[in-house]
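This report concerns only the one structure given below.
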Amino acid sequence: MENIKISKPTTFYAVGLSYKKADAEMRGKFNLDAIAKANLLEQAKCEGIEALIVTSTCNRTEIYGFAQHPFQLIKLLCENSHGTVEDFQKVAYVYKSLEAVNHMFRVGTGLDSQILGDFEIISQIKMAFNESKERHLVNNYMERLVNSVIQTSKKIKNETEISSGATSVSFASVQYIFKNVEDIAHKNILLFGTGKIGRNTCENLVKHTKHEQITLINRTKDKAEKLAKKLNVIVKDYADLQLELQKADVVVVATGAQNPTIDKAILNLKKPMLILDLSIPKNVNENVTNLEGVTLVHMDHLSQMTDETLENRKLHIPAAEAIIEEIKEEFLSWTKQRKFAPTIFALKEKLNSIKDSELKTQRKKFSNFDEEQAEIISAKIIQKITNHFASHLKDDTTMVDESIQWIEKVFQFETIVK
């Protein structure tokens, strides 16, 4: 029996945790900054993992990758974050094969977002893919899957109204401020941090308040100055943070720090203050609430705010799910073909081997044997035979694994994994 060696892909998994079961504190433990992500990817590469991408946002931290066992991926996450395996087991999820594919489609299209229809995550998936690709940590399966999810996201955004209306954590922050702070037109607003949520919040605030009311502080001042130039707001040095806190009526914290940057020790208040903490991990110590007049609101509370916009978005879920099914089926069809392609290749090799042996025999029998014509006719016959088998394996009713075994038995070859 002939052996045709092919490489066997390991199982595709999605492991992680999200806002659904993990609160902000727990999500903070597993949050991965840029350095932690880079370390995780390098470690995965050293451990021989075939393909893997990592996303870490305020709402979720996830690894999509190929492994012999999901614990390989869980171990990578825990070793590069402050989370433990015990923590993971309490709040996390593990999806395998088709379930993992389904999960990525729902996450990437905003159906699994904390605020329905929030498409910010797709840019995170793109970025994660590019980071892995630079390190040669993607394979054809991963590339095809990510591209399919991106295509689905675009189609849902363009053909449904599931992302219509202004609804996001940053927009909800501004809504909360306007509903809960009286006479906002005469209040001072301090924005600490210029990450994506911070930038979006600042833009929303500028639309609805006077520019001179808003002060922007960031650890890296040039980033704050770029945003301030665009939005025409005031920038102060990070060293001025404590002073600016005393002036502020509303503070929006959206930094990427791994530990709290504001606590009651640096607040010297003589008036009420509303603090919105839009950071993961949390960047405002809960002890600020011990101070009279301080109200602390975390992003999880803001994300729970529902209004007419969100209710309208729910009406478009069926249309979005139909688009997901359509493109997902195309992807699964490709994976099915990818699964039997080595068998078709091996079959063709076997038939060519039979053909070569037969032509050799006929060449000896006939002095006027037309070898060129025989080659042409044989090639056409072999192509038609392999096409018939390929069509059979592509059929939705075909049990692929069983059919592959049958083909190998009849033609006496075996595809062996290495």
Side-chain angles (χ1 to χ4, degrees), residues 1-13 45 48-52 65-68 96-98 100-101 129 132-133 135-149 151 326-418:
M1 186 175 283
E2 296 179 35
N3 293 337
I4 308 294
K5 290 189 176 182
I6 60 169
S7 56
K8 178 185 179 182
T10 43
T11 304
F12 180 63
Y13 291 100
K45 194 172 181 181
I49 287 179
E50 176 188 0
L52 170 147
F66 286 85
Q68 294 176 346
K96 178 181 178 181
S97 303
L98 182 56
V101 170
F129 175 79
S132 292
K133 192 166 187 177
R135 291 173 169 82
H136 305 290
L137 265 173
V138 299
N139 57 11
N140 290 338
Y141 183 100
M142 185 77 82
E143 185 155 12
R144 183 86 177 210
L145 175 57
V146 170
N147 285 334
S148 295
V149 173
Q151 179 190 353
E326 173 195 342
I327 299 177
K328 188 176 72 179
E329 282 306 311
E330 291 175 6
F331 171 74
L332 294 176
S333 176
W334 173 82
T335 60
K336 188 176 181 182
Q337 185 170 343
R338 181 174 177 263
K339 185 176 184 179
F340 65 69
T343 300
I344 294 299
F345 175 80
L347 173 62
K348 200 167 188 177
E349 290 290 296
K350 178 68 176 182
L351 292 174
N352 275 311
S353 175
I354 294 171
K355 177 222 28 169
D356 290 342
S357 177
E358 186 59 29
L359 291 185
K360 185 178 180 181
T361 301
Q362 296 304 318
R363 206 178 292 123
K364 291 177 181 177
K365 283 185 179 181
F366 303 101
S367 57
N368 62 343
F369 179 64
D370 190 338
E371 188 164 343
E372 183 179 352
Q373 190 65 20
E375 282 281 0
I376 293 171
I377 294 170
S378 299
K380 287 184 177 180
I381 292 171
I382 289 171
Q383 190 60 51
K384 286 185 177 182
I385 291 171
T386 52
N387 285 348
H388 274 286
F389 279 103
S391 295
H392 166 73
L393 292 169
K394 284 179 186 177
D395 193 286
D396 289 338
T397 61
T398 298
M399 298 184 69
V400 177
D401 290 337
E402 195 175 293
S403 292
I404 286 174
Q405 290 177 6
W406 177 80
I407 292 168
E408 290 175 344
K409 186 174 181 180
V410 169
F411 289 93
Q412 296 184 321
F413 67 82
E414 185 178 6
T415 47
I416 296 181
V417 297
K418 60 177 179 179

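Since the structure is predicted, the reported quantities are computational estimates derived from the model, not experimental observations.
In this structure, Lys355 and Glu358 have side chains that are not in contact, with every pair of non-hydrogen atoms separated by 4.5 Å or more. With contacts defined as side-chain heavy-atom distances shorter than 4.5 Å, the pair Gln362/Lys365 qualifies. Using a 4.5 Å cut-off on side-chain heavy atoms (C-beta onward), Leu98 and Leu332 make contact. Side-chain contact between His136 and Lys45 is present, with heavy atoms from C-beta onward closer than 4.5 Å. At a threshold of 4.5 Å between non-hydrogen side-chain atoms, the residues Glu143 and Lys133 count as touching. Between Met142 and Phe12, the closest side-chain pair of non-hydrogen atoms falls below 4.5 Å. Taking the side chain as every heavy atom from C-beta outward, Phe411 and Leu351 approach each other to under 4.5 Å. Looking at heavy atoms from C-beta onward, Arg144 lies out of side-chain contact with Asn140 at the 4.5 angstrom threshold.
The shortest heavy-atom contact between Tyr13 and Ala100 is C-CB, 4.0 Å. Contact detail for Ser403 and His392: the closest heavy-atom pair is OG-NE2, 3.0 Å. For Leu359 against Ser378, the heavy-atom pair with the smallest separation is CD2-OG, 4.4 Å. Shown here for Phe389 and Leu347, the closest heavy-atom pair between the two residues is CD1-CD2, 3.5 Å. Listed here is the closest heavy atom pair of Phe129 and Val146: CD1-CG2, 3.9 Å.
Classified by interplanar angle (parallel below 30°, tilted 30° to 60°, perpendicular above 60°), the ring pair Phe66/Tyr141 is perpendicular.
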For this session: Using the side-chain contact (heavy atoms from CB on, under 4.5 Å) rule, take Val410 and Trp406 through it: C-alpha gap first, then chi angles, then the decisive distance, then the call.
Result: CA-CA 6 Å; Val410 169; Trp406 177 80; 3.8 Å; yes
For this session: Evaluate the side-chain contact (heavy atoms from CB on, under 4.5 Å) criterion for residues Glu372 and Glu375: first the C-alpha distance (whole Å), next the side-chain angles of each, then the deciding distance (0.1 Å), finally the verdict.
Result: CA-CA 5 Å; Glu372 183 179 352; Glu375 282 281 0; 5.8 Å; no
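One finds the OG1 atom of Thr361 at 11.0 Å from the CG atom of Asp356 (value rounded to the nearest 0.5 Å). Between the OG1 atom of Thr343 and the NZ atom of Lys350 there is a distance of 14.5 Å, given to the nearest 0.5 Å. Summarising the geometry, atom CG belonging to Asn147 is positioned 8.5 Å from atom CD belonging to Gln151; distances are rounded to the nearest 0.5 Å. Note that the OG1 atom of Thr386 and the CD1 atom of Ile407 stand 10.5 Å from one another [nearest 0.5 Å].
The closest donor-acceptor contact from the side chain of Ser132 to the backbone of Leu52 lies under 3.5 Å. A donor-acceptor contact shorter than 3.5 Å is absent between the side chain of Ser353 and the backbone of Glu349.
For the residue pair Gln383 and Asn387, a side-chain donor N or O sits within less than 3.5 Å of a side-chain acceptor on the partner.
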